[in-house]
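Because the structure is a prediction, the values reported are computed rather than measured. Letters A, B, ... mirror the listed sequences (proteins, then strands); counts begin at 1.
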There are 2 protein chains.
Amino acid sequence: MDQNAPQTSARSPQQYAARAKVAKALAHPSRLFMLDLLGQRDLCVQELTQKVGADQSTVSKHLAVLRDAGLIESRREGTSNYYRVTCGCLDDFFRCLEAAVKPETETDSSVACDEGCST
Amino acid sequence: MDQNAPQTSARSPQQYAARAKVAKALAHPSRLFMLDLLGQRDLCVQELTQKVGADQSTVSKHLAVLRDAGLIESRREGTSNYYRVTCGCLDDFFRCLEAAVKPETETDSSVACDEGCST
DNA sequence: CCAGAGTATGGCTATATTGCCATAAAGCCA
DNA sequence: TGGCTTTATGGCAATATAGCCATACTCTGG
């Protein structure tokens with residue numbers, strides 16, 4: 001990679017890898033659905049399995065990915081394992097992205113980011 | 001999936017797929033690096049190839065992924081193809097995530113999201 | 001038109017991800 | 001302890017992704 005970048009950029013490769021890991025955890029429809037559900041209230045694996053409609057082991061592995069990325073935390077309650085989200089940024093972030101991305105695939109392009117985005 | 005969700009959630013599978021596509025585009029260190037660079041100023045493929053240090057075809061394919069996700073746009077200038085980012089949300093988003101995620105892998109956990117996050 | 005710079009795409013292999021089944025691990029209760 | 005519920009993990013096959021080389025495509029200048 002390049003050295004002496006002028007301003008905000010030029011992060012370390014480790015930082016990019018860490019961010020990529022988080023993004024990778026978000027890069028699956030089922031996991032996004034689970035995050036949305038967990039954003040409403042804590043749920044255990046069984047409940048999530050029911051709502052997602054996949055195998056229990058699949059859901060458990062998805063949850064492991066999200067937890068490894070630091071996006072959710074777990075809390076035991078008897079034999080159940082309840083999960084909760086650790087950050088509420090996700091929704092705002094995707095809303096912003098959709099405001100910038102949707103117009104491109106529908107009507108025109110450019111602008112539009114100003115509507116739902118701070119920058 | 002489940003019906004009648006109370007509040008914000010319960011999006012359509014298409015919406016989750018679209019979000020996953022964007023997240024997948026972000027799920028690679030080189031692409032994050034390229035987005036950071038493009039956030040500073042527009043760059044052509046040749047310049048990006050130089051800075052990233054990978055094969056030109058690899059960089060071109062990364063750019064195609066980012067463009068398909070709607071994260072960047074291109075503009076021809078002679079034989080060169082200059083790219084620019086379409087949304088500045090990314091930096092804020094990752095900063096927020098890191099504020100919520102880092103503490104978990106370093107010292108304690110929980111809280112911390114309030115520091116850099118609106119929610 | 002021709003040559004060359006700049007970019008995109010096809011083809012290929014190596015690696016990673018996904019999702020299921022089977023099964024192990026952990027905790028509760030009789 | 002034994003049986004039950006709930007989760008997590010190992011293993012496997014199908015699919016997707018990453019990166020390179022080679023090459024086709026596009027535009028400019030002579």
Rounded to the nearest angstrom, tell me the gap between atom [atom1] in [X] and atom [atom2] in [N].
X: B/H28; N: C/dT15; atom1: NE2; atom2: P; value: 15 Å
X: A/Q46; N: D/dT6; atom1: CD; atom2: C1'; value: 7 Å
X: A/K21; N: C/dA16; atom1: NZ; atom2: P; value: 14 Å
X: A/R76; N: C/dA26; atom1: CZ; atom2: P; value: 9 Å
X: A/N81; N: D/dT5; atom1: CG; atom2: C1'; value: 14 Å
X: A/Y82; N: C/dA26; atom1: OH; atom2: C1'; value: 16 Å
X: B/K24; N: D/dT15; atom1: NZ; atom2: C1'; value: 11 Å
X: B/D68; N: D/dT17; atom1: CG; atom2: P; value: 11 Å

Task: Distance-minimising heavy-atom pair for A/S57 and A/D55 - done: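 Heavy-atom minimum between the residues: OG-OD2, 2.7 Å.
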
Open item on the list: Apply salt bridge (Lys or Arg N to Asp or Glu O under 4.0 Å) to residues A/D91 and B/R11 and explain how you reach the verdict.
Closed with: CA-CA 12 Å; A/D91 223 59; B/R11 302 173 213 285; 2.6 Å; yes

Open item on the list: Categorize B/A64 for me: base, sugar-phosphate, or nothing, with a 4.0 angstrom heavy-atom threshold over every strand shown.
Closed with: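 Nothing: the residue B/A64, judged by heavy atoms under 4.0 Å, touches no strand.
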
TODO: Give one of base, sugar-phosphate or nothing for A/Y83, where a contact means two heavy atoms less than 4.0 Å apart.
DONE: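 Here A/Y83 touches the backbone only, sparing every base.
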
From [atom1] ([X]) to [atom2] ([Y]), nearest 0.5 Å:
X: B/C89; Y: B/L71; atom1: SG; atom2: CG; answer: 9.5 Å
X: A/L63; Y: A/L38; atom1: CG; atom2: CG; answer: 7.0 Å
X: A/H62; Y: A/M34; atom1: NE2; atom2: CE; answer: 6.5 Å

So, is [X] near the phosphate of [N], with a side-chain N or O under 4.0 Å from OP1 or OP2?
X: A/R31; N: C/dT18; value: yes
X: B/H62; N: D/dT17; value: no
X: B/S60; N: C/dA8; value: yes

Open item on the list: Using modelled atom types and a 3.5 Å cut-off, is there a donor and acceptor pairing between side-chain atoms of B/R76 and backbone atoms of B/T79?
Closed with: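 Yes, B/R76 side chain to B/T79 backbone: donor-acceptor pair under 3.5 Å.
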
Pick out the pairs of N or O atoms, protein on one side and nucleotides 21-25 of chain C on the other, that lie under 3.5 Å.
residue, atom, partner, partner atom, Å
C/dC21, OP2, A/D55, OD1, 3.3
C/dC21, N4, A/S57, OG, 2.9

Task: Partner of A/S30 by side chain to side chain contact (heavy atoms under 4.5 Å, CB included), out of A/L48, A/V52, A/L35 - done: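 Option passing the side chain to side chain contact (heavy atoms under 4.5 Å, CB included) with A/S30: A/V52.
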
Open item on the list: Of the listed nucleotides (D/dA18, D/dA8, C/dC20), which one gets closest to any side-chain atom of A/A54?
Closed with: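 Nearest listed nucleotide: C/dC20.
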
